[in-house]
Amino acid sequence: MVDYRVEDQFAILEINNPPVNALSLHVREGLLNGVLRASADNNVKAIILIGKGKTFPSGADIKEFSRPGKAPWLPEVGHTIESSNKPVFSALHGTALGGGLEIALFSHYRIAEKTAKVGFPEVHLGLLPGAEGTIRLPRLTGLVIAMEMITSGRQVSAKEALKFGIVDKVVEGNLLKETKAFAKSVLGQPLEPRKLSLCGVKDADQVDKYYEAALKELLKKYRGVIAPVSCLKSIRGSAQLPYKEAAELERTLFSELMSGAQSAALRYSFFAERAASRWNLPNGASSANSKPLTIKSAAVIGAGTMGSGIAICLIRSGIPVILVEQNEKMLENALRNIGYILQGSVKLGRMTVDQRSDCLRILQGAASIEKLKDVDIVIEAVYENLKLKQEIFEKLDKICKPTALLCSNTSTLDIDLIASVTSKPDRVAGTHFFAPAYIMKLLENIYGSKTSPITVATIMDLGKKIGKISVLSKTCDGFIANRMNKIGTEAAFLVEEGALPHDIDQVLEDFGMPMGVFKVSDLSGIDIGWSIRQEMAKKQGITLTLETHYVSGERYSSLADRLYNLGRLGLKTGKGWYRYNNASNSRKPIIDPDVTDMILNHCEKLRIKRRQISPQEIIERCLYATVNEGFKILEEGVAEKPEDIDIVWQYGFSFPRYRGGPMFYASQVGLKKVYERICYYHESFPYSKHWLPSDLLKKLVSHPNEVPINLWMNYTNSKL
Ligand SMILES: CC(C)(COP(=O)(O)OP(=O)(O)OC[C@H]1O[C@@H](n2cnc3c(N)ncnc32)[C@H](O)[C@@H]1OP(=O)(O)O)[C@@H](O)C(=O)NCCC(=O)NCCSC(=O)/C=C/CCCCCCCCCCCCC(=O)O
């Protein structure tokens with residue numbers, strides 16, 4: 001794990017723990033023993049720590065955090081480095097992060113390769129840099145930079161690190177050779193001034209002022225998230241306390257975070273995100289044995305909001321796009337809007353003027369699909385109507401080259417039904433983007449019963465290439481995301497039973513959702529949900545009225561239909577579940593007594609007796625109904641693993657990452673408790689089939705040993 005060799009009187013300790021040289025137990029042992037050995041060797045003048053392969057250590061081994069750890073701990077290794085009688089040089093390349101950077105800060109000198117990056121990303125794992133990073137960094141950079149870097153987790157370039165005083169030199173070419181050359185130039189100089197534990201924090205007298213200002217920002221930016229504030233407290237300690245006491249405070253804060261629910265959820269999320277990119281199909285094909293095709297050109301059909309957003313994602317990644325729209329005016333508008341959106345990115349510093357021009361150069365409009373015979377992939381993004389989509393796929397099947405992939409941006413429709421009109425159903429799949437497509441990170445990819453592994457591999461790979469987090473779903477009504485989302489349905493029932501929309505929104509926002517469900521509904525438009533319900537009623541041959549309370553034996557709420565009938569379509573009409581001051585262009589929702597009256601009248605007409613509803617019930621009803629459906633989705637193999645579901649929720653519905661996702665949240669509450677409440681609600685609401693308890697959940701609770709343990713179970717604190 002740490003190779004030891006002596007060259008030109010330098011002891012080289014080469015860390016070899018692929019893929020990221022994480023500081024696992026054996027690496028810590030290797031470093032400790034290596035430094036002690038070199039310190040005792042009269043032939044050694046200096047020690048160089050360097051990473052083998054692509055990087056200097058990118059941090060502690062996060063996997064070890066979920067098991068009881070073993071000494072030597074990182075701080076012990078660090079102090080052995082600092083107290084060596086020989087100068088220690090850390091040679092940084094790749095990503096020197098977290099514990100990796102801490103090791104470097106214990107060293108007497110730091111040399112960085114030009115492309116290296118350094119940072120403390122622990123905050124993203126709900127932690128702080130607990131091997132004295134919060135004490136040492138301020139001693140090099142001053143408090144303001146340390147506060148910014150540690151609370152944001154931002155990685156800084158070698159050039160910036162030099163400017164901040166984190167590294168002593170930036171070099172190009174052979175890192176080891178350059179480090180040796182630098183070392184020779186400083187050999188013989190006293191080591192004491194290079195030991196950060198002996199230095200003070202330059203701007204310590206300003207600490208209260210900086211602390212207050214940073215705290216105010218953090219509380220606004222990271223509502224409900226604990227770690228950034230703990231980081232800040234520890235940095236304050238570095239300025240206010242003697243070194244040793246500051247380190248003790250850091251240790252205490254680190255241990256509190258490490259044993260808390262937020263860090264468990266964030267560590268789980270780190271691995272879940274990576275696990276989601278690995279997939280297995282029922283036929284044995286998998287991400288490990290299937291190779292993607294290279295996509296060199298694409299077409300998007302439909303120049304509405306979704307189609308335009310998808311086109312932006314593709315051209316931003318250098319994939320030429322033909323945007324097809326029959327309506328000439330609409331096409332013109334879409335091309336103009338894409339230009340504006342990219343202009344916005346330039347203003348925000350996310351792309352340069354030249355990059356914007358390059359994007360627009362590879363985008364062309366077309367009025368018909370006849371032009372698509374050479375493209376590698378087509379993504380259809382027209383109105384959500386099966387017949388229309390089938391007509392388009394039938395034409396594409398005849399026009400496109402036989403190797404082209406034909407994908408639909410449908411959010412609910414069965415991929416098998418769309419594929420059935422083509423002669424190559426193995427090339428058909430779903431690529432479900434989330435609005436706004438050029439911003440939202442999730443790409444829900446859907447395979448049908450005939451979709452080939454190559455097609456799956458290609459769309460998963462395409463997602464990665466265009467900067468998305470791809471998750472794979474088997475086809476079914478609504479796939480993972482929309483099928484599972486029961487929050488809106490239960491929220492409407494809760495309003496009928498006694499809560500008000502703003503009560504529910506408040507509870508969901510306090511839970512950590514960025515926006516309550518009724519605010520979201522106003523934002524996306526009450527008419528959208530209305531059309532979906534009308535379409536569903538048409539399919540079932542029924543007519544919905546404002547008094548409809550049951551549809552095919554299932555409970556139904558017509559509250560949103562009432563809003564639609566009143567022309568309250570949400571933000572765009574200035575009224576929906578809330579009122580908006582459109583005259584001042586304000587998007588701020590205002591509680592509207594007219595809506596309360598409408599709700600009370602509705603309940604009176606339907607003879608619904610209203611009651612007091614607690615925040616606890618709101619959370620349980622909204623989330624447990626969703627979790628129950630999540631287990632059914634697993635049971636049916638729609639999602640392969642709970643991690644996939646949680647990642648869909650984090651990136652598609654902005655579920656708070658520090659809660660891990662609905663499935664992980666359920667495991668933290670305790671699956672037994674969740675199951676019992678689902679059974680209770682099933683008894684209370686027999687006309688909502690989403691409360692029918694999932695068999696898999698029941699089995700997990702009653703026979704946990706029979707259910708295969710997976711990554712998710714390793715990361716739960718499940719109180720089964
Ligand atoms: C940027 C990356 C490094 C690389 O990105 P990329 O190239 O895209 O690759 P990935 O796909 O992300 O990763 C490749 C695989 O590597 C796995 N991986 C990555 N990082 C780690 C890691 N740090 N540990 C384990 N595994 C890791 C990853 O999962 C991939 O594998 P797979 O596909 O999942 O199989 C990017 O990976 C990245 O950003 N990584 C995370 C970097 C990070 O967060 N670093 C900080 C880690 S936390 C840390 O360093 C904390 C340090 C302080 C420790 C303090 C300890 C004090 C202890 C005192 C205790 C005393 C207790 C006494 C008790 C007693 O007495 O009993």
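For ligands, and for the atoms within them, numbers begin at 1 and follow the listed sequence.
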Under a 4.0 angstrom heavy-atom cut-off, which atoms of ligand 1 come close to [X]?
X      : value
Thr95  : 3 (C)
Glu102 : 52 (C), 53 (C)
Asp61  : 24 (N), 25 (C)
Ala131 : 53 (C), 55 (C)
Leu125 : 44 (O), 47 (C), 48 (S)
Glu122 : 48 (S), 49 (C), 50 (O), 51 (C), 52 (C)

Looking at [Y] and [X], is there a salt bridge between them, counting it only when a charged N and a carboxylate O are closer than 4.0 Å?
X      : Y      : value
Arg657 : Glu273 : yes
Asp644 : Lys641 : yes
Glu248 : Arg251 : no
Glu64  : Arg28  : yes

Purely on distance, is any nitrogen or oxygen of [X] under 3.5 Å from one on ligand 1?
X      : answer
Gly99  : yes
Lys63  : no
Ala60  : yes
Ile62  : yes
Gln155 : no
Arg274 : yes

query = Using the ring of each side chain (for Trp, its six-membered ring), is Tyr268 parallel, tilted or perpendicular to Phe664, with breaks at 30° and 60°?
reply = parallel
query = How are the rings of Tyr109 and Phe89 set to each other: parallel, tilted or perpendicular (split at 30° and 60°)?
reply = parallel
query = Do you see a protein non-hydrogen atom under 4.0 Å from atom 5 (O) of ligand 1?
reply = no
Nearest-contact summary for [atom] - protein heavy atom, Å:
atom                    : value
atom 35 (O) of ligand 1 : Arg278 NH1, 3.6 Å
atom 19 (C) of ligand 1 : Val20 CG2, 3.6 Å
atom 42 (C) of ligand 1 : Ser58 O, 3.3 Å

message = Can you tell me which portion of Pro121 lies within the under-4.0 Å heavy-atom range of ligand 1? Options are side chain, backbone, both, or neither.
response = side chain
Is ligand 1 less than 4.0 angstrom away from at least one heavy atom of [X]?
X      : answer
Phe254 : yes
Arg251 : yes
Glu64  : no

message = For the aromatic rings, using the six-membered ring if either is Trp, is the centroid distance between Tyr665 and Phe511 under 6.0 Å?
response = yes
query = Just by modelled atom types, is the Gly133 backbone N or O under 3.5 Å from a matching donor or acceptor in the Glu102 side chain?
reply = yes
inquiry  = If I take atom NZ from residue Lys465 and atom OG1 from residue Thr458, how far apart are they, to the nearest 0.5 angstrom?
reply    = 8.5 Å
request  = Please round to the nearest 0.5 Å and tell me the distance separating atom CG of Leu31 and atom OH of Tyr4.
outcome  = 12.5 Å
message = Checking Gln650 against Ser269: is there a side-chain donor and acceptor pair closer than 3.5 Å?
response = yes
query = For the salt bridge (charged side-chain N to carboxylate O under 4.0 Å, His left out) test, which of Lys195, Arg194, Arg136 pairs with Glu82?
reply = Arg136
Within 45° cone and under 6.0 Å: Arg274 NZ/CZ vs Phe270 ring = yes
remark   = atom 62 (C) of ligand 1: of Phe65, Phe271, Trp73, the nearest heavy atom sits on Trp73
